[in-house]
Amino acid sequence: MLRAALWGGLAGSAVFLGAAVGLSYDIEKKAIGFIMAFGTGILIGAASFELLTEAVEEGGIKLTTIAFIVGALLFTIFNLLIAKQGGHQRKRSKGNPVGHSGLAIFIGTIMDAIPESLIIGASLVDSTKVSYLLVIAVFLSNFPEGLSSSIGLKKDGYSKIKILALWIFVSLLALLSSLLGFILLKDSSAAIIAMISAFAAGGIVAMVSSTMMPEAYEEGGVWVGLIAALGLISSVILINLE
């Protein structure tokens, strides 16, 4: 149980670390795009080779398909709601349009962090060790999110202390989510865990497609395709090392 909290907290802390770097140093936009592209590849690999593969093995293709589509659909619906308030800009390093809310960026970040952390905790239910691929994938997606969105919030007039306080809260929430994922699912059937894994995979794919990939290409240019491919093959290497 403690391990679930620690691994979830480690992955979630990347938001705060990214924010600290973004607020302390002048990071080139291209570098942010490259980091985000690599994280995109890793996350797609984690969703495909870790979450979906195990979901099909434990729950079957029908249950996996339904849960995956529901996860992607639910994320999209929530994303549409917060997009109206500027939450779709949560991974952007530029200032937000006038009238759009920094709170929406914060809520959008939480929406990204909770399901990822829940799955980290759930991965420890039937295993003696954590899925390092999932931890690395979540860390690499959270770091550029904290980095780029903090720069955007700073341009919108948010103080450094307020921005860092927001991300500390997100990091703690990720820790608690991972802990809850372990506690709530430790007595669940393999089919339930498979359904949740597929649900999370759908949300992850929808998230990287609508937020991370557009930002990566906008900031990094044509090279992000290669870097995302390197991230994907890295996930294959990592899962075979586990």
Side-chain angles (χ1 to χ4, degrees), residues 4 8 11 36-83 87-88 91 108-127 130-138 140-142 145 174 177-178 180-214 216 225 228-229 231-240 242:
M36 201 165 285
F38 191 78
T40 294
I42 287 278
L43 272 175
I44 291 176
S48 302
F49 308 124
E50 182 86 6
L51 299 178
L52 284 178
T53 299
E54 292 185 5
V56 171
E57 291 175 354
E58 299 294 338
I61 187 64
K62 183 177 180 180
L63 180 64
T64 299
T65 300
I66 294 172
F68 179 83
I69 293 174
V70 170
L73 179 62
L74 191 61
F75 177 90
T76 301
I77 292 172
F78 277 111
N79 209 30
L80 284 170
L81 293 175
I82 66 169
H88 64 294
K91 296 180 188 290
T109 303
I110 291 176
M111 190 174 74
D112 296 339
I114 289 179
E116 296 169 343
S117 301
L118 282 170
I119 289 301
I120 289 176
S123 72
L124 284 163
V125 171
D126 294 322
S127 177
V130 72
S131 169
Y132 296 113
L133 174 58
L134 280 175
V135 173
I136 292 172
V138 173
L140 286 176
S141 68
N142 283 339
E145 178 163 1
S177 296
S178 184
L180 284 174
F182 179 83
I183 293 173
L184 296 177
L185 297 174
K186 65 179 180 179
D187 296 321
S188 300
S189 65
I192 293 296
I193 295 176
M195 182 178 67
I196 293 174
S197 295
F199 178 87
I204 287 172
V205 171
M207 183 268 288
V208 299
S209 300
S210 61
T211 58
M212 292 183 69
M213 291 174 67
L232 181 59
I233 196 63
S234 296
S235 71
V236 177
I237 294 170
L238 283 169
I239 200 170
N240 281 282
E242 290 184 347

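- Closest approach of Asn240 to Val236, counting heavy atoms only: ND2-O, 2.7 Å.
- Looking at residues two or more places apart in sequence or on another chain, you find a side-chain contact (heavy atoms from CB on, under 4.5 Å) between Ile66 and Lys62, Val70.
- Not one N or O on the side chain of Ser178 forms a donor-acceptor pair closer than 3.5 Å with the backbone of Ala174.
- Contact between Ala67 and Met195 at its shortest, heavy atoms only, is CB-O, 3.3 Å.
- Taking every heavy atom of both residues into account, Gly59 and Ala194 meet most closely at N-CB, 3.7 Å.
- Side-chain contact between Leu51 and Phe68 is absent, with no heavy-atom pair separated by less than 4.5 Å.
- For the atom pair Met213 CE and Leu43 CG, the distance stands at 11.5 Å (nearest 0.5 Å).
- In this structure, Met212 CE and Ile204 CD1 are separated by 10.5 Å, a value rounded to the nearest 0.5 Å.
- One finds the CD1 atom of Ile69 at 13.5 Å from the CG atom of Leu74 (value rounded to the nearest 0.5 Å).
- Between atom CD1 of residue Ile44 and atom OG of residue Ser209 there is a gap of 6.0 Å, rounded to the nearest 0.5 Å.
- The two residues Ser234 and Phe38 come nearest to each other via the heavy atoms OG-CZ, 3.6 Å.
- Ser48 and Thr53 get closest at one heavy-atom pair: O-OG1, 3.0 Å.
- Scanning all heavy atoms of the two residues, the minimum distance from Ala198 to Thr64 falls at CB-O, 3.5 Å.
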